[in-house]
There are 2 protein chains.
Amino acid sequence: MQVLIMSNLRWTRQRKLILDALKERTDHPTAEQLYHELRARGQSVSLATVYRTLRALAREGLLRELHGHGPDRFDPDTSPHYHFRCRSCGRVYDVAVPYRTDLDQVQVGPGFVVTSHEITWEGICPACRGEGSGHGKSG
Amino acid sequence: MQVLIMSNLRWTRQRKLILDALKERTDHPTAEQLYHELRARGQSVSLATVYRTLRALAREGLLRELHGHGPDRFDPDTSPHYHFRCRSCGRVYDVAVPYRTDLDQVQVGPGFVVTSHEITWEGICPACRGEGSGHGKSG
DNA sequence: GTTAAAATGCAAGTGCTTATCATGAGCAAT
DNA sequence: ATTGCTCATGATAAGCACTTGCATTTTAAC
Ligand SMILES: [Mn+2]
Ligand SMILES: [Mn+2]
Ligand SMILES: [Zn+2]
Ligand SMILES: [Zn+2]
């Protein structure tokens with residue numbers, strides 16, 4: 001199945017594996033988490049390739065990169081939506097608040113060109129609430 | 001002059017210098033930028049101390065840390081407000097959009113505790129618009 | 001001034017990510 | 001199916017952005 005029709009990327013075994021593994025998840029994993037997931041399944045992929053692939057697929061618009069506190073995370077959902085970040089475990093969750101198109105029209109100031117906006121909530125996630133005093137890093 | 005009345009931090013020469021240097025700026029500098037600024041003024045401060053001081057003062061609520069793409073940045077303004085990040089130079093600017101207190105009341109989901117939110121716009125800043133094809137790192 | 005606790009500078013260490021480069025695999029034309 | 005060009009991968013080194021350990025000051029309280 002040809003998925004990279006519009007791109008000039010080759011559809012390799014590793015890229016299939018990595019993109020599939022990401023699509024199975026809704027917790028916005030880090031490159032390293034994806035790497036461990038694949039190894040656990042007995043699939044052989046190098047960490048460098050995981051990073052390279054994720055960046056490449058992001059450039060092609062097939063996934064989205066999230067930056068913030070700690071290592072970068074990756075999102076298989078490229079549609080506009082917002083996030084919650086747990087300041088205990090770092091996990092990122094989708095937030096079901098409607099996307100505000102009007103915020104992309106905001107005039108930041110003279111000479112500024114706005115291309116996007118994002119809203120991120122911070123706090124503690126359910127997984128960390130029920131974890132003693134929770135200073136976990138599980139996610 | 002005792003500024004750290006409420007805190008248990010000692011008011012050292014380095015901390016004065018670092019906080020003053022930060023307060024003079026509105027571009028949310030990185031630790032390294034502050035470090036170079038101070039050196040340029042002939043003030044002797046180590047990079048480790050700049051980092052330690054900024055983290056310590058942030059913990060005390062005297063300044064704010066900003067995370068995102070690239071190195072952490074620091075903001076002398078601790079009041080609630082939003083930011084614009086230039087994806088060319090990385091500089092961060094304040095955005096004069098009124099703070100939405102209601103967004104801190106958003107129910108992310110069952111078991112989630114929200115402590116704050118932030119909105120960040122992305123795009124190109126005026127400094128980078130007028131820079132040829134601008135792929136600068138000046139900020 | 002003495003003194004105990006805390007801060008600094010230097011250098012080494014860590015975590016995340018990218019670069020290098022020899023080898024292997026995808027893809028299109030034979 | 002084979003060839004050949006080009007791009008991708010794996011292994012590992014290097015790079016960047018911090019962080020930490022520790023001996024040596026400094027601070028601030030007596
Ligand atoms: Mn998402
Ligand atoms: Mn600000
Ligand atoms: Zn959590
Ligand atoms: Zn800029």
Side-chain angles (χ1 to χ4, degrees), chain A residues 1-19 21 28-36 38-39 42-60 62-63 65-74 85 89-92 137-139, chain B residues 1-19 21-22 28-36 38-39 42-60 62-63 65-74 85 89-90 92 135 137 139:
Chain A
M1 187 225 255
Q2 176 66 289
V3 178
L4 303 185
I5 301 168
M6 317 294 289
S7 95
N8 52 339
L9 295 180
R10 289 175 180 175
W11 199 225
T12 65
R13 183 182 63 87
Q14 289 87 339
R15 286 177 177 171
K16 279 189 261 270
L17 285 169
I18 292 165
L19 187 55
H28 309 78
T30 65
E32 187 125 22
Q33 287 172 340
L34 249 9
Y35 169 72
H36 288 312
L38 292 173
R39 303 223 93 203
Q43 301 293 351
S44 158
V45 186
S46 77
L47 181 57
T49 295
V50 175
Y51 273 105
R52 267 187 307 235
T53 295
L54 290 169
R55 303 292 187 208
L57 297 183
R59 247 182 280 116
E60 298 297 323
L62 289 161
L63 57 87
E65 304 182 20
L66 302 180
H67 309 287
H69 211 149
D72 290 350
R73 290 172 170 268
F74 300 88
R85 178 183 302 266
C89 66
R91 263 181 287 238
V92 171
K137 256 200 161 182
S138 18
Chain B
M1 190 225 256
Q2 176 67 291
V3 177
L4 303 183
I5 301 169
M6 316 295 288
S7 96
N8 53 338
L9 295 181
R10 290 176 180 177
W11 199 225
T12 66
R13 182 182 66 86
Q14 289 86 340
R15 286 177 178 171
K16 278 190 261 270
L17 285 170
I18 292 164
L19 188 54
L22 179 62
H28 310 79
T30 65
E32 188 124 22
Q33 287 172 338
L34 249 9
Y35 170 72
H36 287 313
L38 291 173
R39 305 222 94 204
Q43 300 293 350
S44 158
V45 187
S46 76
L47 181 57
T49 295
V50 174
Y51 274 107
R52 269 186 304 231
T53 295
L54 290 169
R55 303 291 187 208
L57 297 183
R59 246 183 280 117
E60 299 296 323
L62 290 160
L63 58 87
E65 304 181 21
L66 302 180
H67 308 287
H69 210 149
D72 290 349
R73 291 176 170 265
F74 300 88
R85 179 183 303 266
C89 67
V92 171
H135 238 253
K137 255 200 161 183

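Heavy atoms only: backbone and side chains are in, while hydrogens, waters and symmetry mates are out. Lettering follows sequence order; numbering is per chain, from 1.
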Response to the item:
Looking only at heavy atoms, the pair that brings A:Thr30 and A:Phe74 closest together is C-CD1, 4.3 Å
Student check: side-chain heavy atoms of [X] and [Y] closer than 4.5 Å:
X: B:Asn8; Y: B:Glu60; result: yes
X: A:Leu34; Y: A:Val45; result: no
X: A:Arg73; Y: A:Gln33; result: yes

Worksheet item: Taking OP1 and OP2 of C:dT18, is either one under 4.0 Å from a side-chain nitrogen or oxygen of A:Tyr51?
Response: no
Response to the item:
The ring pair (Phe, Tyr, Trp, His ring centres under 6.0 Å) partners of A:His67 (sequence neighbours excluded) come to B:His69
Between N or O atoms, less than 3.5 Å apart, protein on one side and nucleotides 7-9 of chain D on the other: list the pairs.
{"unit_1": "D:dC7", "atom_1": "O4'", "unit_2": "A:Arg10", "atom_2": "NH1", "d": "3.2"}
{"unit_1": "D:dC7", "atom_1": "O4'", "unit_2": "A:Arg10", "atom_2": "NH2", "d": "3.1"}
{"unit_1": "D:dC7", "atom_1": "O2", "unit_2": "A:Arg10", "atom_2": "NH1", "d": "3.1"}
{"unit_1": "D:dA8", "atom_1": "OP1", "unit_2": "A:Arg15", "atom_2": "NH1", "d": "3.0"}
{"unit_1": "D:dA8", "atom_1": "OP1", "unit_2": "A:Arg15", "atom_2": "NH2", "d": "3.3"}
{"unit_1": "D:dT9", "atom_1": "OP1", "unit_2": "A:Thr12", "atom_2": "OG1", "d": "2.7"}
{"unit_1": "D:dT9", "atom_1": "O3'", "unit_2": "A:Gln14", "atom_2": "NE2", "d": "2.8"}

Worksheet entry | Listed partners of A:Arg55 passing salt bridge (Lys or Arg N to Asp or Glu O under 4.0 Å), at least two apart | A:Glu65, A:Asp72
Worksheet item: Within this structure, what is the CG-to-P distance between B:Leu17 and D:dT26, rounded to whole angstrom?
Response: 14 Å
Worksheet item: What is the distance, rounded to the nearest whole Å, between atom OH of A:Tyr35 and atom P of C:dT17?
Response: 15 Å
Worksheet item: Using the C1' atoms of the five pairs at each end, what is the angle between the end axes of the helix from C:dG1-D:dC30 to C:dT30-D:dA1, to 10°?
Response: 40°
Worksheet item: Has the side chain of A:Arg15 got a donor or acceptor atom that lies under 3.5 Å from a matching backbone atom of A:Thr53?
Response: no
Worksheet entry | Contacts of B:Ser44 that satisfy side-chain hydrogen bond (donor to acceptor under 3.5 Å, both in side chains) - sequence neighbours left out | none
